[in-house]
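Below is one structure, written out as structure tokens; the observations come after it.
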Amino acid sequence: MEPYRIKVVEPIPITTREYRERRYAEGGCNQFNLTADDVTIDLLSDSGTGALSAEQQAAGMRGDETYAGARSWARFRDVVAELTGYEHIFPVHQGRAAERILFTSLLKPGQISISNTHFDTTRANVEIAGGVIRDLPCPEAKDLDSDEPFKGNIDLAALEAALAGPEDVGLVLMTITNNGGGGQPVSMSNLKKASKLCRKYGVPFILDAARFAENAWLVTQREDKYRDHSPREVAEKAFRLADGCVASLKKDGIAHIGGMLALNDTALAKQCELLLLATEGFRTYGGLSGRDLDMCAQGLLEVTEPLYLKERAESTAYLAECARQAGVDSVQPAGVHAVYLNAGRLLPHIPPSQFTGHALASELYLAGGIRCAELGSLYLGEITEDGELITPAPYELVRLAIPRRVYTRSHLEYVAETLAGIAKNPEQVPGYRLTEAPAMLRPFRCRLEKIT
Ligand code: F0G
């Protein structure tokens with residue numbers, strides 16, 4: 001059961017199918033054009049959408065809004081330093097700010113950033129800095145159904161080949177857990193070996209630690225050597241294998257806003273500090289208020305609580321299992337922050353050119369007021385400006401991201417029941433066509449219509 005009780009509540013909108021049909025069509029059948037009042041259960045993102053604890057609220061009240069050298073900064077720095085062991089710590093307003101500052105300071109034009117999988121803002125920031133991304137997910141990640149415990153791993157053989165080759169590698173970035181790769185964890189053994197390779201070839205090894213605590217929890221559950229470790233101990237060890245991290249604290253900081261960049265390299269940190277100062281804020285607040293810094297610091301202490309992580313992981317696995325029993329498969333084994341539904345398998349009558357994942361995400365909204373994100377050809381495919389799909393994505397997935405401490409099991413049961421209703425008559429779900437297909441940041445800006 002949830003290891004907390006609820007002290008503050010917020011009503012959720014209960015709407016009719018007729019209302020949702022109208023609102024969805026008005027918004028060009030794009031989930032990003034819906035408003036809070038249109039959505040009953042919001043599984044669009046687990047970022048900045050968590051519930052604060054009483055202790056976080058109290059920490060917020062202690063927030064010190066001194067411009068330079070606030071007490072909130074000292075508390076934030078101490079918590080991050082103890083958790084990560086890194087020497088230079090910079091707060092930023094969210095994860096992508098840390099990415100921009102790091103890549104702009106570190107990457108030379110044409111240099112390669114290697115990752116198990118770059119998240120989309122991470123990729124964009126590498127490219128804006130003149131770098132080139134290369135994703136090297138492990139081969140096990142290709143099989144969505146297998147029970148392999150660490151499908152978030154990097155392909156070590158491919159990594160070594162790239163590091164030993166003639167190309168100029170600027171950094172290796174490990175995303176824990178691997179959000180672009182089905183929310184799958186990275187093992188400590190994989191992290192250690194990747195770290196060793198980076199040391200051997202003199203390349204900076206950085207963590208994208210947005211979901212570091214959830215990765216640590218899965219390590220304690222799936223990697224024999226760490227079964228008697230606490231998630232906090234695993235997390236501390238993981239950070240110490242790397243030369244620094246970028247992190248969105250909107251995920252495992254359980255904060256509504258916040259992020260950090262932390263590094264050991266003093267010369268690189270100096271470069272980053274300059275950019276931070278010019279674009280985010282002074283080094284002791286980096287775009288955050290004192291209140292935010294204090295709430296992030298408290299969230300970072302709470303997020304490795306074993307009972308919290310256990311319940312969160314179990315409720316996500318429960319949702320995946322309920323969906324499976326209803327006939328809807330998802331990427332196995334279930335991770336922690338999200339369930340990735342296999343829309344391609346559920347809706348074989350809808351070809352990728354009619355956006356299979358988007359069709360399932362749309363039906364979840366129309367049938368149950370549930371909002372979620374497509375991770376298929378609409379997002380990852382190659383599409384012309386006329387909206388024709390040229391190259392489909394490898395899979396047609398739909399991500400149900402679970403906000404932290406927000407929904408109870410009965411909310412998740414409602415989601416599973418809605419899915420079961422769709423799975424009873426999947427052939428009734430229609431495909432979609434694009435009516436506006438902007439080339440840049442398409443998922444946020446495109447418009448579609450139902451194919452009737
Ligand atoms: N890295 C990962 C792995 C992420 O999942 C995200 C954000 C970021 C970096 C960027 O952090 O949003 O604070 O700037 N992911 C959100 C999501 C948006 O819904 O998965 P940010």
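FYI, the numbering just counts along the sequence from 1. Remember, it's 1-based here, ligands and their atoms both numbered in the order they're listed.
From the protein, the heavy atom lying nearest to atom 16 (C) of ligand 1 is Lys251 NZ, 3.3 Å. Nearest non-hydrogen protein atom to atom 18 (C) of ligand 1 is Phe119 CZ, 3.9 Å. Atom 21 (P) of ligand 1 has Gln94 NE2, 3.3 Å as its closest protein atom, hydrogens excluded (heavy atom only). Nearest protein heavy-atom neighbour of atom 13 (O) of ligand 1: Ser248 OG, 2.7 Å. The protein heavy-atom contact nearest to atom 10 (C) of ligand 1 is Thr121 OG1, 3.5 Å.
Looking only at distances, no side-chain donor or acceptor of Thr122 sits under 3.5 Å from a matching main-chain atom of His118. Proximity of a side-chain donor or acceptor of Lys151 to a complementary backbone N or O of Asp143 within less than 3.5 Å is detected.
For ligand 1, none of its N or O atoms has an N or O atom of Gly258 under 3.5 Å away.
A salt bridge (charged side-chain N to carboxylate O under 4.0 Å, His left out) with Asp252 is found for exactly one of Arg211, Arg404, Arg232, namely Arg404.
When each atom of ligand 1 is checked for a heavy atom of Ser45 under 4.0 Å away, the hits are 17 (C), 19 (O). Of all the atoms in ligand 1, the ones that sit under 4.0 Å from a non-hydrogen atom of Arg211 are 3 (C), 4 (C), 5 (O), 17 (C), 20 (O). Annotation for ligand 1: atoms under 4.0 Å from non-hydrogen atoms of Thr175 are 3 (C).
Across His118, Arg399, Arg96, Lys250, heavy-atom proximity to atom 17 (C) of ligand 1 is greatest for Arg399. Looking at Asp208, Asn179, Asn178, it is Asp208 that brings a heavy atom closest to atom 2 (C) of ligand 1.
Salt-bridge formation is detected for the pair Arg405/Glu302: a Lys NZ or Arg NE/NH1/NH2 atom is positioned less than 4.0 Å from an Asp or Glu carboxylate oxygen. Looking at Arg199 and Asp243, a side-chain N of the basic residue comes within less than 4.0 Å of a carboxylate O on the acidic one, giving a salt bridge. Between Arg23 and Asp38 there is a salt bridge, since a side-chain N of the basic residue sits under 4.0 Å from a carboxylate O of the acidic one.
By the 30° and 60° cut-offs, the orientation of the rings of Phe212 relative to Phe239 is tilted.
By the neighbour-count criterion of 12 heavy atoms within 6.0 Å, atom CZ of Arg123 is sparsely surrounded, having that number or fewer from other residues, nucleotides or ligands.
Within the structure, the closest approach of Glu99 to ligand 1 falls below 4.0 Å when heavy atoms are considered.
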